[in-house]
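One structure below.
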There are 2 protein chains.
Amino acid sequence: MVRRRAPEKERREQILWAAFEVAARDGLAGLTVRAVAAEAQLSHALVLFHFGRKEHLLQELLGWLLATTSVFDVSEDVVGFPHALDRLYALLQQEMARLTHEPRHVRLFFEYWALGARHEPIRVRISAELERYRAAFRENMEELLLAEPATFAGITADGLAAVAVSLIQGCAMQAMNDPEHFDTDGYLVAARGIIGQLAAPVTPMNARNSSHS
Amino acid sequence: MVRRRAPEKERREQILWAAFEVAARDGLAGLTVRAVAAEAQLSHALVLFHFGRKEHLLQELLGWLLATTSVFDVSEDVVGFPHALDRLYALLQQEMARLTHEPRHVRLFFEYWALGARHEPIRVRISAELERYRAAFRENMEELLLAEPATFAGITADGLAAVAVSLIQGCAMQAMNDPEHFDTDGYLVAARGIIGQLAAPVTPMNARNSSHS
DNA sequence: TTTGTTATTGACCGCTTGGTCAATATAGGT
DNA sequence: ACCTATATTGACCAAGCGGTCAATAACAAA
């Protein structure tokens, strides 16, 4: 009926946003060309005109998701802390906060992860993103390892970074589908406590054996 | 063509197994009534005859998955160790091994988790399973907390159990889609190292400050 | 105004899906 | 052998899917 022409770039962004809305609401299973078109109030033929195939839309939505998600703005808030341990705390807390502020992005990421099992190009991109995620922690972990080489004999920075990523992913999985029953604060405290044991500077005050012997 | 009558229970199990094969191969998106029927070499009408609706098949497959998956046979191998920490090690290692021995079960569980976001009855069952999973660790964690209450001030057994579950889930997510690039052993060593810092019996040999001062 | 390019649409196609149903073959009790 | 139960099937249906295409409206350039 009412037709308004729009430049290609603008339309594509509009359609991608609509695709995200649909995927966030109905899951990737509900991401149909027609549903996206309805969300954007366009004809479904126009969506295919701009993206060629649904497959392209699916892949570009993943690109949009990875680009849009505010991953690891490590810069300002985190860098301030002098100690590596404090930066790790801040990093973890920041990521936990992101899980609760952008749950739809995180959830969609998990869905793409599952899709990646049977879809190689998507699997590759998801793996790369996870690797990028670990890399953001690795630097920090190397500092921790250097501080106390004897304690961490045999442990690699990669291993520790992977563990850090697990802490975030695992919290997301347990909390997202059951937010009122899962104690996110208790989780954060426990995670922080564990990390604290990792590399707390050894002084008489917090030395472990002060409570024994 | 060749028709053989089978008692209801037998047929249902046959169909459920076929459903698992299909879901493991093609994902829940590929779990169609017809695909299951083809896998079981039956007509698709027969599948609907025994399960009524696809919805029922989907739910019963989840039940089958949770029942079949060899979760937490804590009994024999683990109970043997006298120290809580060793039992925790064994538990973690056992679960890690399960991830690699039953990857299809684990992957399907993740897919049900994602589906649970828009499907309440499934979400409820998944949440319950995760809770059950945490409970298996909680008992162990309480022992650790009792051993050194000062070190873990403010930390709850629930929080620690959730962290333990995260270690397993996170490892699965990072490793499953990228097994040759992810260092599972390094992960396990790191996780074990972290836990070791948690509550290792304090002796001159492994006391942390032995490398300092 | 005319012309040419392109964004947009509705109609259409072939295919797959979940689900129903009458017809039929099978087994067990008598 | 007959009869009743039910397990099993192929045919059918409406709905929704991705994708194609000719027709058309909007816009910029001439």
Side-chain angles (χ1 to χ4, degrees), chain A residues 1-62 111-112 115 118-119 121-122, chain B residues 1-62 64 111-112 115 118-122:
Chain A
M1 306 302 176
V2 180
R3 306 178 156 189
R4 245 183 30 210
R5 250 171 116 99
E8 169 154 350
K9 190 175 178 182
E10 202 175 307
R11 262 289 120 89
R12 285 176 68 93
E13 286 175 3
Q14 176 195 3
I15 293 174
L16 278 177
W17 174 255
F20 173 69
E21 285 292 321
V22 171
R25 189 199 320 124
D26 306 325
L28 287 182
L31 185 73
T32 70
V33 178
R34 288 173 150 87
V36 171
E39 178 72 29
Q41 292 184 326
L42 301 171
S43 72
H44 89 277
L46 189 59
V47 174
L48 287 165
F49 172 79
H50 281 287
F51 286 86
R53 293 188 258 141
K54 183 197 176 183
E55 169 75 19
H56 297 344
L57 178 61
L58 191 70
Q59 295 227 39
E60 293 213 38
L61 176 59
L62 176 55
E111 261 195 279
Y112 269 105
L115 186 59
R118 287 128 204 142
H119 193 305
I122 285 183
Chain B
M1 305 298 179
V2 180
R3 308 176 155 189
R4 246 182 31 212
R5 249 172 115 98
E8 169 154 351
K9 190 175 179 181
E10 203 174 305
R11 263 288 121 90
R12 286 176 66 94
E13 287 175 2
Q14 176 196 2
I15 293 174
L16 278 177
W17 173 254
F20 173 69
E21 284 292 321
V22 171
R25 189 199 319 123
D26 306 325
L28 287 182
L31 185 74
T32 69
V33 178
R34 286 174 152 88
V36 171
E39 177 74 28
Q41 292 182 325
L42 301 171
S43 70
H44 89 278
L46 189 59
V47 174
L48 287 164
F49 171 79
H50 281 287
F51 287 87
R53 294 188 257 141
K54 183 197 176 184
E55 168 76 19
H56 297 345
L57 177 61
L58 191 70
Q59 296 227 39
E60 294 213 38
L61 176 58
L62 175 56
W64 179 92
E111 262 194 280
Y112 270 106
L115 187 59
R118 287 130 204 140
H119 193 304
E120 192 183 329
I122 285 184

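So you know, we letter chains A, B, ... as the sequences are listed, proteins then strands, and number each from 1.
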Of the residues in residues 25-34 of chain A, which ones touch DNA chain D at a heavy-atom distance under 4.0 Å? A:Thr32, A:Val33, A:Arg34
I'd like to know whether A:Arg12 forms a side-chain contact (heavy atoms from CB on, under 4.5 Å) with A:Phe51, so could you lay out the CA-CA distance, the side-chain angles of the two residues, the decisive distance to 0.1 Å, and finally the verdict. CA-CA 8 Å; A:Arg12 285 176 68 93; A:Phe51 286 86; 3.9 Å; yes
Side chain of A:Ala45 only, please: which of D:dG19, D:dT9, D:dT20 is the nearest? D:dT20
Between C:dA7 atom P and A:Gln41 atom CD, what is the distance in whole Å? 21 Å
Within the side chain of B:Glu39, is there an N or O that forms a donor-acceptor pair under 3.5 Å with the backbone of B:Val22? no
Hey, are the side chains of B:Leu31 and B:Leu28 touching, using non-hydrogen atoms and a 4.5 Å cut-off? yes
Nearest to the side chain of B:Leu46, heavy atoms from C-beta on, is which of D:dT20, D:dT8, C:dG19? D:dT8
Just wondering, do A:Leu58 and A:Leu115 contact through their side chains at under 4.5 Å, heavy atoms? yes
Round to a whole Å and report the spacing from NE2 of B:His56 to P of C:dG18. 14 Å
Side chain of B:Lys54, heavy atoms from C-beta onward: which of D:dT8, D:dG19, C:dG19 has the nearest atom to it? C:dG19
Do B:Glu21 and B:Trp17 come within less than 4.5 Å of each other through their side chains, counting heavy atoms only? yes
Euclidean distance, atom CZ of residue A:Phe49 to atom P of D:dT20 [Å, nearest integer]: 13 Å
Any luck finding a side-chain donor-acceptor pair between B:Glu55 and B:Gln59 under 3.5 Å? yes
Please report, rounded to the nearest Å, how far the C1' atom of D:dT9 is from the CG atom of B:Leu42. 11 Å
Nearest whole Å is fine: how far is D:dA7 P from B:Phe51 CZ? 13 Å
Using the side-chain contact (heavy atoms from CB on, under 4.5 Å) rule, take B:Leu57 and B:Leu16 through it: C-alpha gap first, then chi angles, then the decisive distance, then the call. CA-CA 8 Å; B:Leu57 177 61; B:Leu16 278 177; 4.0 Å; yes
Intra- and interstrand pairs of DNA chain D - dot-bracket, Watson-Crick/G-U under 3.5 Å, | marks other strand: ..||.|||||||||||||||||||||||||
Among the nucleotides C:dG19, D:dT8, C:dA11, whichever has the atom closest to the side chain of A:His44 is C:dA11
Taking the side chain from B:Gln14 and the backbone from B:Ala40, do they hold a donor-acceptor pair closer than 3.5 Å? yes
Distance in angstrom units between B:Leu57 CG and C:dG18 C1', rounded: 12 Å
Atom CG of B:Leu48 and atom P of D:dC13: how far apart are they, to the nearest Å? 18 Å
Determine the minimum heavy-atom distance between B:Ala19 and B:Leu61, stating which atoms define it. O-CD2, 4.1 Å
Name the orientation of the base relative to the sugar in C:dA27: syn if the glycosidic angle is within 90° of 0, else anti. anti
Distance test, side-chain N/O of B:His50 to OP1/OP2 of D:dT8, below 4.0 Å: yes
Specify the separation, in whole Å, of atom CD of A:Glu55 and atom C1' of D:dC17. 16 Å
